[in-house]
*Asks:* 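Below is one structure. I have some questions about it.
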Amino acid sequence: MVNSEVVIEAKNITKKFGRRTLFTDLSCRLGSGDCLIVTGKNGSGKSTLVKILARLLRPTSGSVTLFDEGKVCGDWEKFMPYIGFISPEIMFYENLSGRENLEFLARARSLHLQPSQVEDALTKVGLGSRGAQFVKTYSTGMKQRLKFATLLALEPRVWFVDEGLSNLDAEGRGLVLGLVKQAREEGRLLIMATNDLLEAEYATQTIALS
Amino acid sequence: MQRKPLLFPDALKSVWAVLRKDALSELRSKYAFSTLAVFALTCLSAISMSIAGGDLTPLVQSVLLWVILFFSAMAGLGRVFVQEQDAGTLLMLKVYAPPQAVYFGKVIFNVLVLLCLSLLVLLLFIMFFGMAVTDWVVLIGALWLGSAGLSVVATMTAAMAAQVQGRSTLFTILTFPIILPEFLTAIETTRGILAGETVAASQFLFLGGYTLVALIVGSILFDYLWVE
Amino acid sequence: MARVLSRGDKLFGLIIGLWLAGATVAVFLLPPVVNLGYKARMLFFHIPMAWIAVVTFFMGAWWAFRYLRTRSLDRFYLSSLSNRIGLVFSFLATVSGIIYSKMTWYSEAPWTFWTWDVRQTTIFILLLIYTAYVVLGFSIENEETRATISSVYSLFSFATVPFLVFIIPRLYFSVHPDLTDNEGGLGSGLGFNMIIVLVIALVGITAFYVWMLRYGAAHRRSQIAELARIDAEEGSTRNGEESE
C-alpha cells in the first residue's frame, strides 16, 4: 500500500516541433489514486505528452512538478525514482534474461529485491516459467508483459503507461486491466495514453488531444 | 520495500549495476572486445607485413602503437552508447538509472576494455616488431594512463555521437582533437621509455592530470547531455 | 523583407569598416622593422586574427554554458555563431602564420612550410575542434538536440585549454615569439608606432567581431519574426476556411 501523498502538477505545457504546434497551455493536477487518460488520434501527441509529464522530454514552455507530502522534488534525479514508465519505445536488454533485466533495473535504482519478489512479479504477468530465458526469445506480447512486471517489481508510485494494451492477447488484456485496477486501489498515480475504452473506464481525469 | 543493509552507498551500487550489466552483455556477445582485438590485429599485421622485419626506431614504434590503439578504440568504444540507442534501451536507462551511474559505469567499462586491449597490443608489438622492453612497470604505467584517458574522452564523445546520424565517422572526428594533447604526450613518453631514457615525472603527471580533468568535466557535462 | 539592422548598427558597421581600412593603410605606411624588414607587416594581420580565434573560443564556451543553464536557444545561437567565426579566423591565423614563418624561419629550406612547432600544433587543435563542432552541428536535425550536444562539446573541448596554453608550451621548445616576454621577444623589436598600430588593429577587429554577433542576432530575430508572421497569416486563413 502506498501511504504518503504524491502529486504531479503540470502547468501551461506547450510543445512545438519546429513550427508545428502539438498542444498549447495544458494544465493538470493529479494526486495519489488519480488516473489521467490521454486520448487522441495517431500523431496527436499522446506519447509526447506522456513523456513530458514523465520529464523525459522538455516542453517548449511550461513545467512539470512532483510533490511528495507537499515537498517539491524538483531535481530530475529526485523525480525519476518515483516513476515507472512503459511505452512501445522502451525495450529490454535482449541478451539478458527477463529476470536479469528486472534485477538490473532494481539495482540501478538501488533497490534490493529479494529473488522471491522478482519471481512474484514475473508470475503475476504469466512469465513465471520463462524468467530465466533471454529476452530475445520472447514474443512481442511477452515483452509487453515483462514491462508490467517491471512496474510490479519496482513498485514506483507513479505509473506512466503508453499504449499498455498493445500486442496483448485477450488473456493479457484482462491481466493488465486487473493490474491497473489494483494499482488504483493501492493509491498509485496513473497516467495512461490510450484509445482503448476498457482502460478509459478507470479515468478520473481525461485529456483529449486533437 | 525491503532493503538489505548497505555495504556501499547507493550511488556506487548503481554504478556497479550498470557496469555489471554491460560486462554481462559483453561476456555473452563478446562483440566489443573481439571487434577491438581483431581491428588492432588487422592494422598491426598490415604494417608488420609491409615492413617485413625492418628495424623501427623507438619513435616509429611508439607512434604505431598509439595510432593502432586510437583507431581500435574508435572502432569499439562507441558501442556502449550506440547499442543502447539502437536497441531502444536508452529510455529504460534514463528512467531507471541515475545519470552519474550510467556515466561512471560506462567509463569504467570502456577503461577496462581498453586496458586489456593495450596489453594485447603490447604483446603483439613485442612479437612482431621485436620491441625491446626493459622497464615493464613504467611502460605499462604509461600505456595504461594514456589508454585510460583515451577511454574517458571516448566515452563522453560516444554519448554525444550516439544521438547523431553518421555517428561512427563523427565519433572519430569529435574525439581526435580533444584527445590530441594526451595522445602526443603519450607518444613522447612511450618513445622515451622505449629508447631507454629516464622519463620526466611531469609527463606522467600530464597524462594523469588530463585523464582526471576529462573525467571530472565529463561527469559534470554528462547530466546536461542525458537529461532532456 | 524585414529590416535587419537598426540605424545604430549600420553606423557602427560603417565606423568599424573605416577604422579597419585606416589600420590597414597605417600598416603599409610603417617603416621596416629592425631585423624583420617589411615582413613585419604580416604580424599586424596575424596577431589580430589569432586573438579573435582565441576570443571566439572563450565566448563560444561561455554562451554554451549559459545555454545549458537557461536552455534559451538565443544563447546557443550566439555560441554557435561565435564558434563559426572562430573557425574562419583560426584558419586565417594559420594561413598568415604559415606565410610569416615561411619568410622568417624556414626561408632556407624550400619545401618546409610546417614543422609541428608547439604553436602550430595548438592552433591546429583549435582548427580541428572548430571543424568538428561545425560538422557536429550539420549532422543533427532537431534544433534542441543540436544545441545541447554542440554546447556540451564546446565546453568539453574547452577543458583542454589549460593544457594547451599553460602546460604544453612549457614542455616543448618553440620558434614562436612569446608575446609576454619583453627580453628579446616581440615587444622589444617593435617601435612605439608599431605598438599603436597593433592596438588599433586589435581594437578594430574586436569591434568587428562584436558587430558580426550583433548582425547575426538581428538577422535571427528578423527571421523568427518573419516565420511568426507567416504562421499568423496561415492560421487566420485556416480559421477562415473552417468557419465557412
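Note that these values count all heavy atoms, side chains included, but never hydrogens, waters or copies made by symmetry. Order of the sequence lines sets the chain letters (A, B, ...), proteins ahead of strands, with each chain counted from 1.
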*Asks:* Which bit of Glu84(B) is near chain A, if near means a heavy-atom gap under 4.5 Å: side chain, backbone, both or neither?
*Replies:*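 Just the side chain, heavy atoms under 4.5 Å.
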
*Asks:* Going by residue number, which parts of residues 25-37 of chain B are within reach of chain A, meaning a heavy-atom gap below 4.5 Å?
*Replies:* Ser25(B), Arg28(B), Ser29(B)

*Asks:* As an exercise, state the distance from CG of Asn101(A) to OH of Tyr96(B), rounded to the nearest 0.5 Å.
*Replies:* 11.0 Å

*Asks:* Are Glu77(A) and Val227(B) packed together at the side-chain level, in the sense that at least one heavy-atom pair is separated by less than 4.5 angstrom?
*Replies:* no

*Asks:* Under 4.5 Å, heavy atom to heavy atom: which of residues 78-98 of chain A reach chain B? Give them by number, or say none.
*Replies:* Met80(A), Ile83(A), Gly84(A), Phe85(A), Ser87(A), Glu89(A), Ile90(A), Met91(A), Phe92(A), Tyr93(A), Asn95(A), Leu96(A), Ser97(A)

*Asks:* Can you say whether Ala101(B) sits under 4.5 Å from chain A via the side chain, the backbone, both, or neither, judging by heavy atoms?
*Replies:*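 Contact with chain A is absent: no heavy atom of Ala101(B) under 4.5 Å.
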
*Asks:* Between Arg107(A) and Lys21(B), is a side chain to side chain contact (heavy atoms under 4.5 Å, CB included) present by the stated rule, with each step listed?
*Replies:* CA-CA 10 Å; Arg107(A) 282 206 188 99; Lys21(B) 185 269 297 174; over 6 Å; no

*Asks:* With a 4.5 Å limit on heavy-atom distance, are the side chains of Phe104(A) and Leu24(B) in contact?
*Replies:* no

*Asks:* Would you indicate whether Asp25(A), at its atom CG, is surrounded by more than 12 heavy atoms from other residues, nucleotides or ligands within a distance under 6.0 Å?
*Replies:*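 Above 12, so yes.
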
*Asks:* Taking CZ in Arg20(B) as the centre, count heavy atoms belonging to other residues, nucleotides or ligands within less than 6.0 Å. Is the count above 12?
*Replies:*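 Count not over threshold, so no.
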
*Asks:* Please check if atom CZ in Phe67(A) has more than 12 non-hydrogen atoms from other residues, nucleotides or ligands closer than 6.0 Å.
*Replies:* yes

*Asks:* Which heavy-atom pair separates Ala17(B) from Ala108(A) by the least distance, and what is that distance?
*Replies:*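 What the structure gives for the nearest pair is CB-N, 3.7 Å.
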
*Asks:* For Asp22(B), give me all partners under salt bridge (Lys or Arg N to Asp or Glu O under 4.0 Å), at least two apart in sequence or on another chain.
*Replies:* Lys106(B)

*Asks:* With sequence neighbours excluded, tell me which residues meet ring pair (Phe, Tyr, Trp, His ring centres under 6.0 Å) with Phe129(B).
*Replies:* Phe125(B)

